[in-house]
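A short worksheet on the structure shown next.
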Amino acid sequence: MGAPRVRIAPSPTGFFHVGTARTALFNWLFTRRHGGAFLLRIEDTDEARDREEWVDGIVDALDWLGLSPDEPPVRQSQFAPAHREAAQRLFDAGALYGCDCTREAIEARLEGTGRTGYDGHCRDRGLARGPGVALRFRVQDEGVTVVHDVILGDVEFPNDAIEDFVVVRSNGTVLFALSNLVDDRAMAITHVIRGPEHLANAPKQLMLAAALDHVEDHVALTPAFATVPLLVNEQRKKLSKRRDPVSLESYRDQGYLADAIVNFLALLGWSPRGDEEKVDRATLVAQFALEDVNHAPAFFDVAKLTHLNGEYIRDLDLDAFIAACRPWVAPTPGEWSPEGQAPPWPPERFDEAVFRSIAPLVQERVATLGEVAPMVDFLFLEDPPRDPQAFDKAIRNQPLAAAVLADALATLATADFDAAALHAVLVEVGERHDLALRRAQAPVRVAVTGRSIGPPLFESMALLGRDEVRRRVAAALRDAG
RNA sequence: GCCCCCAUCGUCCAGCGGCCAAGGACGCCGCCCUUUCAAGGCGGUAACACGGGUUCGAAUCCCGUUGGGGGUGCCA
């Protein structure tokens, strides 16, 4: 095929929906594969809802995902004159007719007939355009309209099941079916790859396109359609912004990596060849084909995303990992940082070198970057955070804990403070109290880190240093009761 | 109601008539490793919705049933 031109056409709603991200990805992969152009058109028809910063949000989200459009974003509103002109031509040619029926009037006429939709009441009334008069498309009474969907194959819509739909509001503005088509033609879009909520629009747009071909000076390109499967929640319902976590920004805030999200999204309705699901973008691009995309809805499984994200985190080299953690552990003013997730310690207490030392141990223990700060907070807080449950279990209600702590406190006064030596110390202390290391380290861990789980203890102690470790052990001993 | 889409392990996919007593991944369970927790290694659990065809042969093709979902707006 020639170089395809595709687009995504999100409306600025305040956040970037993961479903939009998935659709964007499939569009993007398709064009990367075939050397075409991936475009962004902001669907800003509803002026009341349009906000400039929301547009920026869309652009930022795409950039972050690495799915930047190949041309500057365009706005649907800029095509408004073209919408009106197309509508007028269709009206002049008789493809559209005026209708002043109210919803109530239509329903009243249909009452008891068992029929729904529009009854064609105004079809031959010859109403002129004007205030209070909407324009409807005269749909063929018979025959079928076939949508040659690249993914679904031929989908047939009986024309008699499609009512004479409104194309132009009574206030003169043009509705989605036409405006969207006019925009796509103006942008020379070759493939409209979108979600299944738009499938029912396809036959209408095909009808409009055919009608337009009759009234325009030149025959414009009618894009091919491709319907990607719906993204659903555990209830198998379309992802809802109210009940489901669908904002891409929230995933970014939690510390999901763009590459992991892209990889995961690609797996929803499609899969790379072979047994390996974790694949880089080059592989995605090389193997992606619309024809291979599934038809069935896919559940957006965060658990799987999280696992994949952990793998991507572990794949980072140390410097990259540390850099990736920065917004969560030491955010730079003016740069992006996760919303509502300031580090739990005072900024001045953060120690770059200490973090660097603990980083490799943290890297293999987190699945998201948001988990990093809570895991290392004891290193940068004045006093360790104290988990009451852990303290009670490992110290207060542990008969041998006080003795172990006291022994450790004494022994630590002279021990070398490197991980290996500290390991040996705790083994020794344990032996003196007839405790295995796993038991002996427990109270010390809680005393030093405040919790019963966390990074390896001896490395952590070495980083804290003798004085601080002994201070914390002494404090725990004092509080043991 | 009407139109349309869909149907393989709990989940995401592989399978596109014989290589399938159905494969991978996530999850879950167990074991190993082990200073906690992870990670990692090993093993296990678990599916072709149902009924008819077509065919020498069906998870794969056709029809129906059932079940899910999407759409049915002077929203996009």
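First the proteins, then the strands, lettered A, B, ... as listed; each starts at 1. Because the structure is a prediction, the values reported are computed rather than measured.
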Base, sugar-phosphate, or nothing for [X], non-hydrogen atoms under 4.0 angstrom?
X        : result
A/Glu459 : base
A/Pro455 : base
A/Arg445 : base
A/Leu426 : nothing
A/Ala134 : base
A/Pro456 : base
A/Glu156 : sugar-phosphate
A/Gly195 : nothing

Starting at atom [atom1] of [X], determine the distance to atom [atom2] of [N], rounded to an integer number of angstrom.
X        : N     : atom1 : atom2 : answer
A/His295 : B/A7  : NE2   : C1'   : 13 Å
A/Asp164 : B/U72 : CG    : P     : 17 Å
A/Asn233 : B/C12 : CG    : C1'   : 15 Å
A/Phe165 : B/G71 : CZ    : C1'   : 14 Å
A/Ile453 : B/U35 : CD1   : P     : 18 Å
A/Gln235 : B/G70 : CD    : C1'   : 17 Å
A/Asp154 : B/C3  : CG    : P     : 19 Å

Measure from the side chain of [X], starting at C-beta and using heavy atoms only, and say which of [options] lies closest.
X        : options             : result
A/Phe299 : B/C6, B/C26, B/U11  : B/U11
A/Phe157 : B/C4, B/C12, B/U35  : B/C4
A/Glu277 : B/A7, B/U35, B/C12  : B/C12
A/Glu311 : B/G40, B/G27, B/A14 : B/G40
A/Arg438 : B/A76, B/G70, B/U35 : B/U35

Is it the case that the base of [N] and the side chain of [X] share a donor-acceptor contact (distance under 3.5 Å, atom types as modelled)?
X        : N     : value
A/Glu197 : B/G70 : no
A/Arg451 : B/U36 : no
A/Ser170 : B/C74 : yes
A/Arg365 : B/U36 : yes
A/Asn201 : B/A76 : yes

Residues A/Asp149 and A/Thr227: side-chain donor-acceptor under 3.5 angstrom: yes
message: For a quick check under 3.5 Å, do A/Ser240 and A/Asn233 share a side-chain donor-acceptor pair by atom type?
response: no
When you check the phosphate oxygens OP1 and OP2 of [N], does a side-chain N or O of [X] lie under 4.0 Å from one of them?
X        : N     : answer
A/Asn294 : B/A14 : yes
A/Arg314 : B/A39 : no
A/Arg169 : B/C75 : yes
A/Arg103 : B/U72 : no
A/Arg439 : B/U36 : no
A/Lys238 : B/G71 : yes
A/His307 : B/G27 : yes

task: Report, as yes or no, whether the 6.0 Å neighbourhood of atom CZ on A/Arg438 holds more than 12 heavy atoms from other residues, nucleotides or ligands.
output: no
message: So for atom CG, which belongs to A/Asn171, do other residues, nucleotides or ligands contribute more than 12 heavy atoms lying within a distance under 6.0 Å?
response: yes
Centroid-centroid under 6.0 Å between [X] and [Y] rings:
X        : Y        : value
A/Phe264 : A/Phe300 : yes
A/His83  : A/Phe176 : no
A/His191 : A/Phe30  : yes

query: Starting at the 5' end of RNA chain B and moving along, which residue's nearest nucleotide shows up first, A/Gly132 or A/Ala161?
result: A/Ala161
statement: Residue pair A/Glu276/A/His423 against RNA chain B: nearer the 5' end by closest nucleotide is A/Glu276
message: If the threshold is 4.0 Å, N to carboxylate O, is there a salt bridge linking A/Arg138 and A/Asp164?
response: no
